[in-house]
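Below is one structure, written out as C-alpha cells; comments come after it.
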Amino acid sequence: MTPAVDRLAEDEIARRQALELASFIVEAPAGAGKTELLTQRYLRLLAVIEHPEEVLALTFTNKAATEMRDRILGSLERAARGELPEQPHKQLTFGLAKQVLAHDAESGWGLLGHPGRLRITTLDALCASLARQMPYLSRFGSQPGVTEDAEAHYATAARRTLEMVESQTPDADVVAEALAFMDNNAGRLETLLVAMLGRRDQWLHHASRIESGALKPEVEAGFAALIERDLAAAGNLLDTRTQARLMPLARFAAANAPGVLDSIFDWNSPLTATIGDLRQWQAVAGLLLTGSGTLRKTVDKRIGFPADKEFADQKKAMLELLGELRGVAGLEAAVAMLVRLPRPELGEAEWATVECFSRLLRLAAGQLWLAFQEAGEVDFIEIAARAGLALGDDEAPTDLAEALDYRIRHLLVDEFQDTSPSQVGLLEKLTRGWTPDDGRTLFVVGDPMQSIYRFRKADVGLFLRVRERGIGDIRLGHLRLFRNNRSYPGIVDWVNSAFPTIFPMEDSPETGAVRYAESAATRPARADSGVFVHPVIEREGEDAVGEEACRALDIIRQTRADAPDERIAVLVRARTHLDALVAEIRRSAPELRFQAVDIEGLDGRQHVQ
C-alpha cells in the first residue's frame, strides 16, 4: 500500500492538471471533494470563454445540479464581497472566481444578476430539451411525461406482442415460432420480453442487421471473445508448469480410455486461450472434474487409470496433482466453466432462432411505443433515444446539432460511472467533430466503485472503456484523486487493507468488474477511530437477533457516553434488519431520540393499532 503522504502529493498534482484546458476523465473516490473540483473547473472555463452558455455541466440528479449551481454562484458572491476563505482549496476557488468576475465585467455578462446564463442541468433534462426543440424529428409531437418506473408499460407491450399470435398476419408466425422455442411457456417469454424492453437501447439498433445476416460474423466474434476470456481465466490458474506435469498423465489416461479423452491423446504443448484449443481444454476439464463439476478425489479405469499394479505410479501422481489443485483458489469453478462453453459458430437453425427473436423484439418495441403514446409518458431510454434522433447522425447532423456544436465549447459530466449506453451515445453526438487541439474540452468525473444506477441500465464498464478509448474522436487524459476528506485514518486504512480482496483483482469492461482503488485520509488521526467487530454467535434455540439488538444498543450507549456531542448512524443491508433494534431502543432506552426514515410505519406503532 502506497504511503498516504505520497498519495496526497499525487492527488494535488492531478487537481492542478484538472484545471488545464484539455479533456480528462477523473476518478474521484468518496469524499474526494469532486464537487469543489467541478466548481473550480467550471470557473476556470468561464474565465476564458466568450459567452457563459458555451460551458455545459451535466449531472444525474436535480439535487446535484442545484448544489453545483449554488457552489458556483456562492463562490462568485464571496469573491465579489472580497471574503478570502481560510482553507487553501477554497482560496484557489476564490482566485478563480475573481478571474471570472473580471472577465464578466469586461464582457458585460452580469452573471450575478442573471444566474440563468449558467448552463447546469441533468442529463435527462437535456434530453427532454433536445427532443422538445425538434418535435418532428424526435417523433414526440407534444412533450410526454417521464416515468422512473416503466415496468407496467413494458408488461403491457409484452402482453400485446404475444397476443399477436391470433392476428392471422405474418407477425403471428413470428410469435408462434418464438413460443414454440419456449415450449409454449408464454409466461416465461413475457417475462423475458419485459426484461429486454428495459434494455432496448443496447439491442434495438442491432436488430435490423441481425435480420439481414450482416451481424452474424460480429456475433460469432463476440462469442469467441467471451469464450477466450474464460479460457484465459482457466489458463492463469492452470499455468504452463502445472500443464507440463499434467500432459503425460493426460496422454496416459487418453490411451487407456478410448473415446473419452481423444482430443488430448497427443497433448504435448501448453494450451492457449484461443478457440482452437477449446476442445482440448474441455477434455482436460473432463479429466480433472467429476460429473457434478468438482475436482476428482479418486480416479479409475473409466477415466483412463486402470487398477493394475503396474499403473500405480501414474495413478498416485494424478491423485497428488489433484490434491494440489484443490488448494488453488478459484480453479475448480474456472475449469468447470469450460465444460459448458459452446462453439462460437452458429448453425443455420441457431441463426434462424436469433432472427426470429430479433423480429419478436422489434414487434415488442413497436407495441411499447404505442403503450407510451396511450399513457402520455415514456421512460428515460426513450427520452435519450429521441434526443439522439433530434441530433441526427454523423452523415446528416440536424440544424439543432450544428447549432449546439457552435454554442457548446466545454462539456462537464458528473457521476459518469452511472451513465447508460444511450447517454454515452448522446455525449458522442454532442461532441461530434471535436478534435484534440480545437480548444473544446470534455471533462467527466466519477467513481466506478460507486455505480448505483444499474436499475437505470447504467453500465460501469462504459466508464472503463471510455477511460481506455475516449468518446468518439476525443481521447481523455486519465486523472486519479486519492483524498478522503470525510473519514479518519483508522477507517480509511482499514478499508484500504480489506477491500482489495473484496473487489475483483482486475478491471474488466466486459463484465463491469472494478478493482478497488485506495484513498488517503486528510483528517488528523484519532485514537478511537477504526473498525471493530462485535461477533454474535447464533445458537440453536437462542434469540440471536434479539442479542444483536441488545449488543448494538450497548455500543450506542457507550459511544454516546464517550462522545456526547457527536451523532451516531446505524447502517444495515435491509430495512427489516432494524426492526429488533428499534423495538429494543423503545423498550430499554426510551430516552434515546432517533430517526428511522421509512423503517417504522405508523401502523406498526402500538398506540395507532
Once rounded to the nearest 0.5 Å, what's the spacing between atom [atom1] of [X] and atom [atom2] of [Y]?
X	Y	atom1	atom2	result
L363	R160	CG	CZ	14.0 Å
L192	R188	CG	CZ	5.5 Å
F380	T147	CZ	OG1	7.5 Å
L368	L193	CG	CG	11.0 Å
E518	R7	CD	CZ	4.5 Å
Q282	L261	CD	CG	12.5 Å

Can you tell if the side chain of [X] reaches within under 4.5 Å of the side chain of [Y], non-hydrogen atoms only?
X	Y	answer
I383	D124	no
W281	V335	no
L346	T353	no
F443	V413	no
M182	F357	yes
L189	L179	yes
L246	L287	yes
L427	L58	yes

Under 3.5 Å: donor-acceptor pair, side chain of [X], backbone of [Y]:
X	Y	result
D183	N185	no
R296	L289	yes
E542	R539	no
W203	M196	yes
E177	V174	no
E332	L295	yes
T294	T290	no
R362	S358	no
N484	V492	no
N236	A232	yes

Which atoms form the tightest heavy-atom contact between [X] and [Y], and what is the distance?
X	Y	answer
L481	P29	O-CD, 3.1 Å
A285	V339	CB-CG2, 3.6 Å
A580	V545	CB-CG1, 3.5 Å
A158	V194	CB-CG2, 3.9 Å
C356	A178	SG-N, 3.7 Å
A157	L197	CB-CD1, 3.9 Å

Test ring pair (Phe, Tyr, Trp, His ring centres under 6.0 Å) applied to [X] - qualifying residues, sequence neighbours left out:
X	result
F305	F252
F372	H153
F24	none
F265	none

One pair to check against side-chain contact (heavy atoms from CB on, under 4.5 Å): L341 and L231. What are the steps and the verdict?
CA-CA 9 Å; L341 293 178; L231 295 180; 4.2 Å; yes
Is it true that atom OH of Y516 has more than 12 heavy atoms of other residues, nucleotides or ligands lying nearer than 6.0 Å?
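Above 12, so yes.
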Can you establish whether the number of heavy atoms outside M247 located under 6.0 Å from its atom CE is more than 12?
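Yes - once you tally the heavy atoms of other residues, nucleotides and ligands closer than 6.0 Å, there are more than 12.
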Salt bridge (Lys or Arg N to Asp or Glu O under 4.0 Å): pairs with one or both residues in residues 466-478, sequence neighbours excluded:
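For residues 466-478, and leaving out neighbouring residues, the salt bridge (Lys or Arg N to Asp or Glu O under 4.0 Å) pairs sorted by first residue read E27-R467, R467-D507.
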Partners meeting side chain to side chain contact (heavy atoms under 4.5 Å, CB included) with D239 (sequence neighbours left out):
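Side chain to side chain contact (heavy atoms under 4.5 Å, CB included) list for D239, sorted by chain: R241, T242.
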Mind jotting down which residue pairs meet the side-chain hydrogen bond (donor to acceptor under 3.5 Å, both in side chains) criterion with at least one end in [range]? Sequence neighbours excluded, please.
range	value
residues 260-269	none
residues 215-235	R209-E218
residues 310-330	R245-E324

Pairing of R432 and E428 as salt bridge, 4.0 angstrom limit
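Between E428 and R432 there is no salt bridge, as every charged N stays at least 4.0 Å from the carboxylate O atoms.
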Are any of the side-chain nitrogens in R480 or E10 under 4.0 Å away from the carboxylate oxygens of its partner?
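Looking at E10 together with R480, the answer is no, because their closest N to O distance does not fall below 4.0 Å.
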Verdict with supporting geometry, S519 and V495, side-chain contact (heavy atoms from CB on, under 4.5 Å):
CA-CA 9 Å; S519 302; V495 170; over 6 Å; no
List in chain and number order the residues that pass salt bridge (charged side-chain N to carboxylate O under 4.0 Å, His left out) with K34, two or more places apart in sequence or in another chain; answer none if no residue qualifies.
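Counting only residues at least two positions away or on another chain, K34 forms a salt bridge (charged side-chain N to carboxylate O under 4.0 Å, His left out) with D414, E415.
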Sequence neighbours excluded, which residues qualify as salt bridge (charged side-chain N to carboxylate O under 4.0 Å, His left out) partners of R343?
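Residues passing salt bridge (charged side-chain N to carboxylate O under 4.0 Å, His left out) with R343: E345.
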Is the ring pair W494/F499 parallel, tilted or perpendicular, if the boundaries are 30 and 60 degrees?
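Perpendicular, since the angle between the ring planes exceeds 60°.
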Distance-only donor-acceptor pairs under 3.5 Å for side chains of residues 163-170, two or more places apart:
unit_1 : atom_1 : unit_2 : atom_2 : d
S167   : OG     : M164   : O      : 2.6
S167   : OG     : T169   : OG1    : 2.8
T169   : OG1    : D171   : N      : 3.3

Assess the residue pair T419 and V466 against the criterion (side-chain contact (heavy atoms from CB on, under 4.5 Å)); give the C-alpha distance rounded to whole Å, side-chain angles, the decisive distance to 0.1 Å, and a yes or no.
CA-CA 11 Å; T419 49; V466 169; over 6 Å; no
With side-chain contact (heavy atoms from CB on, under 4.5 Å) as the test, would you mind laying out the steps for D277 and Q280 before giving the verdict?
CA-CA 5 Å; D277 284 349; Q280 289 175 286; 3.2 Å; yes
